[in-house]
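Throughout, a chain's letter reflects where its sequence line sits, starting with A, and its residues are numbered from 1.
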Amino acid sequence: MAKEKLDFDQEEVRLKYRHTTSHILAQAVKKLWPEAKLAIGPAIENGFYYDFDLEHKFTDQDLNKITKEMKKIIKDSLPLEQFTLPREEALEFVKDEPYKVELIQDLPEGEIISFYKQGDFTDLCAGPHMEKTGQIKAVKLTSVAGAYWRGDSDRKMLQRIYGTCFPTQEELDAYLARIEEAKKRDHRKIGKEMDLFAIYEEGPGFPFFMPNGMIIRNELENFWRQEHRKRGYEEIKTPLILNEQLWHTSGHWDHYQDNMYFTKIDEEDFAIKPMNCPGSMLAYGRKLHSYRDLPIRMGELGQVHRHELSGALHGLMRVRTFTQDDAHIFMLPEQIKDEIKGVINFIDYVYNLFGFKYHIELSTKPEDSMGSAEEWAAAETALREAMEEEGLSFIINEGDGAFYGPKLDFHLEDSLGRTWQCGTIQLDFQMPQRFDVNYIGSDGEKHRPVMIHRVIFGSIERFIGILTEHFAGKFPLWLAPVQVKLLTVTEKFTDYAKAVAKELEEAGLRVEVDVRNEKIGYKLREARNERCAYIGIIGEREAEAGTLTVRSSKVGELGELSVAEMKEKLLKEIQEKAV
RNA sequence: GCUACUAUAGCUCAGUCGGUAGAGCAGCACAUUCGUAACGUGCAGGUCAUCAGUUCGAUUCUGAUUAGUAGCUCCA
């Protein structure tokens with residue numbers, strides 16, 4: 001075989017390569033368990049999977065056995081041959097594979113039905129594929145997990161084997177090492193190490209924030225308030241518990257009940273809020289508003305509770321109580337586009353500040369929704385046009401809107417590249433009608449305002465999780481729980497160290513001093529493990545010169561600085577919110 | 001919620017083919033007064049997640065429960 005260098009940078013090459021590997025996986029599984037029924041096996045980001053329906057439960061040992069079998073298939077370097085069949089013959093061909101039968105039945109009439117054959121194994125597949133199984137070099141089966149047939153939780157759960165593959169063993173090893181490295185940034189691990197937050201068995205999905213975590217949280221909230229004041233928002237706070245009737249009015253009773261917690265007060269039924277909007281509606285509706293006052297932008301750091309499925313909980317990323325940095329904007333119809341653009345730019349400003357990369361999804365009308373098709377179309381158009389006019393690209397997430405309106409979702413990545421919805425902008429024509437809120441127009445008549453729900457962080461909890469993984473715990477100075485830690489070389493310099501700490505503290509910095517009778521190497525190691533942003537070392541030289549020897553967690557040694565220089569440097573960095 | 005897996009000291013883990021458990025780090029005491037990632041000695045610390053069952057005896061085997069992990073479903 002002619003040695004042909006694979007261009008793995010090209011997406012179609014990667015997909016072809018991985019897809020062929022998934023066929024090899026299926027062939028190996030069929031060889032070992034001929035009774036296994038095949039579902040689907042696509043190439044995905046970073047690898048591939050194949051779904052099987054099989055009584056026997058795959059174990060980790062099985063993955064080794066399967067890998068051995070795959071290596072044989074690769075060694076045999078079987079050619080992959082495509083052929084097509086007319087529909088009836090195709091159905092006859094796969095009659096022992098019920099999932100394949102279903103797939104073929106769902107293909108439109110007249111579609112060419114394509115198969116790929118390698119050795120004694122044939123799979124329904126549109127391709128494309130590599131020419132020979134021998135072209136696959138380095139394979140690793142990574143995990144086995146359950147997955148519903150066709151992603152439908154009402155249908156059977158199949159066994160999914162995940163794997164990855166690369167043109168060389170070195171690339172595979174590098175990839176696996178990268179994953180291991182990324183796991184060290186996991187916010188659950190760092191959160192424990194830095195004592196940011198904790199979740200106890202007594203409250204699954206209900207995180208506790210520890211003092212270090214509270215510093216980050218409070219700094220984020222301060223920043224949030226400052227930025228919202230600049231942009232013409234006012235702040236309110238609405239109650240966590242409101243009576244059940246309110247949730248009938250809002251539509252949550254009909255559309256969101258399963259996710260809500262309820263309680264009783266004096267025999268009357270109350271609900272714990274899963275969203276802040278109904279409270280905001282009451283707040284807006286308590287007085288008459290003139291068209292001259294619109295838009296009204298009402299912000300709220302609102303804590304909500306939602307019954308998320310136990311299997312979905314994930315550190316701070318997916319919890320059962322979280323604080324949304326919410327706001328509801330009430331506006332005239334002609335203000336819609338500008339307001340949406342304002343929020344888009346606001347979100348972009350905040351995410352850029354942290355250096356996040358993000359992508360945007362436009363989520364359209366779900367099956368379970370309120371309002372007419374026309375209203376939904378108008379709302380979707382408004383969101384789409386605002387995006388297009390701002391020159392932003394986005395993907396469509398069909399049927400994933402909120403029950404009261406379509407939304408733009410802003411997704412951020414965690415350390416392993418999993419994306420989490422953070423910011424969202426939701427257009428809502430329903431809630432204003434349901435709560436019968438209005439404004440007085442220039443004609444002296446009542447009119448219905450349009451409303452936007454929006455969040456920037458999404459939830460403070462999730463955002464802190466993302467921040468933690470993004471910075472691997474080395475937070476920007478303005479967020480860092482410990483901004484400076486002073487270490488004394490011996491106890492002789494305790495007084496000087498405390499005087500320096502006092503001066504820095506008086507400038508508003510968060511300072512800790514380690515005057516313990518320990519070796520400097522030991523104290524330094526500990527301070528570094530704690531991810532202190534700056535470490536100041538104080539010994540004889542520094543005490544005499546009125547300085548400290550500084551090391552930054554991000555850029556390393558900075559040499560000797562006077563206390564005044566240190567103070568100025570850090571205050572500037574905080575002021576700039578440098579990352 | 002579903003499928004699979006996991007649960008031993010504050011943390012990271014070892015271990016018991018069934019006879020009630022260990023290490024390192026952290027903590028405490030003593031010693032050391034030291035210059036850039038771990039000084040030493042000693043002490044203390046565990047209902048082996050919970051509840052049942054089998055057994056003379058269960059941390060170990062079985063079942064249920066709870067919590068967690070990966071993925072699916074769902075969502076900020």
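For A/F52 and B/A4, the CZ to P distance is 17 Å, given to the nearest whole Å. Rounded to an integer number of Å, the gap from CG of A/D195 to P of B/A26 is 17 Å. The CG atom of A/L63 sits 15 Å away from the P atom of B/A4 (whole-angstrom rounding). As a whole-Å value, the separation of A/E193 CD from B/G10 P is 18 Å. Computed from coordinates, the A/K519 NZ to B/A38 P distance equals 9 Å when rounded to whole Å. Atom CG in A/L141 sits roughly 16 Å away from atom C1' in B/A4 (whole-Å rounding). Per the geometry, CZ belonging to A/R551 stands 8 Å off C1' belonging to B/U36, to the nearest Å. Rounded to whole Å, the distance from CD on A/E518 to P on B/U36 is 16 Å.
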Can you give me the N/O atom pairs linking the protein to nucleotides 11-13 of chain B at distances under 3.5 Å, or say none if there are none?
{"unit_1": "B/U12", "atom_1": "OP1", "unit_2": "A/K192", "atom_2": "NZ", "d": "3.3"}

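By the 4.0 Å N-to-carboxylate-O rule, A/K365 lies too far from A/E398 to be salt-bridged with it. Between A/K523 and A/E518, no side-chain nitrogen of the basic residue sits less than 4.0 Å from a carboxylate oxygen of the acidic one, so the salt-bridge criterion is not met. By the 4.0 Å N-to-carboxylate-O rule, A/R551 lies close enough to A/E557 to be salt-bridged with it. Using a cutoff of 4.0 Å between basic side-chain nitrogens and carboxylate oxygens, A/K189 and A/E193 are scored as salt-bridged. Salt bridge annotation for A/E300-A/K273: present, with a cationic side-chain nitrogen under 4.0 angstrom from a carboxylate oxygen.
Applying the salt bridge (Lys or Arg N to Asp or Glu O under 4.0 Å) rule to A/E461 yields the partners A/R217; only residues at least two apart in sequence or on another chain are considered.
Under the 3.5 Å distance criterion, with hydrogens and angles disregarded, a donor-acceptor pair is assigned to the side chains of A/R160 and A/Y162. Checking A/D414 against A/W420 by side-chain atom types alone, a donor-acceptor pair falls below 3.5 Å.
Nucleotides B/A58 and B/U69 place their C1' atoms 27 Å apart, quoted to the nearest Å. Comparing B/U3 with B/A9, their P atoms sit 29 Å apart, to the nearest whole Å.
Counting only Watson-Crick and G-U wobble pairs whose two key distances fall under 3.5 Å, RNA chain B forms stems of three or more stacked pairs at B:1-7 with B:66-72, B:10-13 with B:22-25, B:27-30 with B:40-43, B:49-53 with B:61-65.
Residue side chain A/Q159 does not reach the base of B/U3 through any donor-acceptor N/O pair under 3.5 Å, judged by distance alone.
A/K492 has a side-chain polar atom (N or O) that falls below the 4.0 Å cut-off from OP1 or OP2 of B/C34.
Remark: A/I537, A/G539 in residues 532-539 of chain A come within less than 4.0 Å of RNA chain B through at least one heavy atom.
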Atom pairs and distances, side-chain donor-acceptor, residues 309-322 of chain A, under 3.5 Å, sequence neighbours left out:
{"unit_1": "A/R318", "atom_1": "NH2", "unit_2": "A/E308", "atom_2": "OE1", "d": "2.9"}
{"unit_1": "A/R320", "atom_1": "NE", "unit_2": "A/E308", "atom_2": "O", "d": "2.9"}
{"unit_1": "A/R320", "atom_1": "NH2", "unit_2": "A/E308", "atom_2": "O", "d": "2.8"}
{"unit_1": "A/T321", "atom_1": "OG1", "unit_2": "A/Q303", "atom_2": "NE2", "d": "2.9"}
{"unit_1": "A/T321", "atom_1": "OG1", "unit_2": "A/V304", "atom_2": "O", "d": "3.0"}
{"unit_1": "A/T321", "atom_1": "OG1", "unit_2": "A/H305", "atom_2": "NE2", "d": "3.3"}

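A/I464 contributes atom CD1, which lies 9.0 Å from atom CZ of A/F457 (distance to the nearest 0.5 angstrom).
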Item to complete: Report the C-alpha distance between A/F262 and A/W253 in whole Å, list the side-chain angles of each, state the deciding distance to 0.1 Å, and finish with yes or no for ring pair (Phe, Tyr, Trp, His ring centres under 6.0 Å).
Response: CA-CA 11 Å; A/F262 295 93; A/W253 183 264; 5.6 Å; yes

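Among B/C34, B/A37, B/A26, the nucleotide with an atom closest to any side-chain atom of A/Y522 is B/A26.
In this structure, A/Y358 has its ring center no closer than 6.0 Å to that of A/F356. Ring pair A/H255/A/Y404: centre-to-centre distance not below 6.0 Å. Side-chain rings of A/F58 and A/W33 approach one another, their centers coming within less than 6.0 Å.
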Response to the item:
Nucleotide by nucleotide, nucleotides 66-76 of chain B touches protein heavy atoms under 4.0 Å in the pattern (B base, S sugar-phosphate only, - none) BSSSSBBBBBB

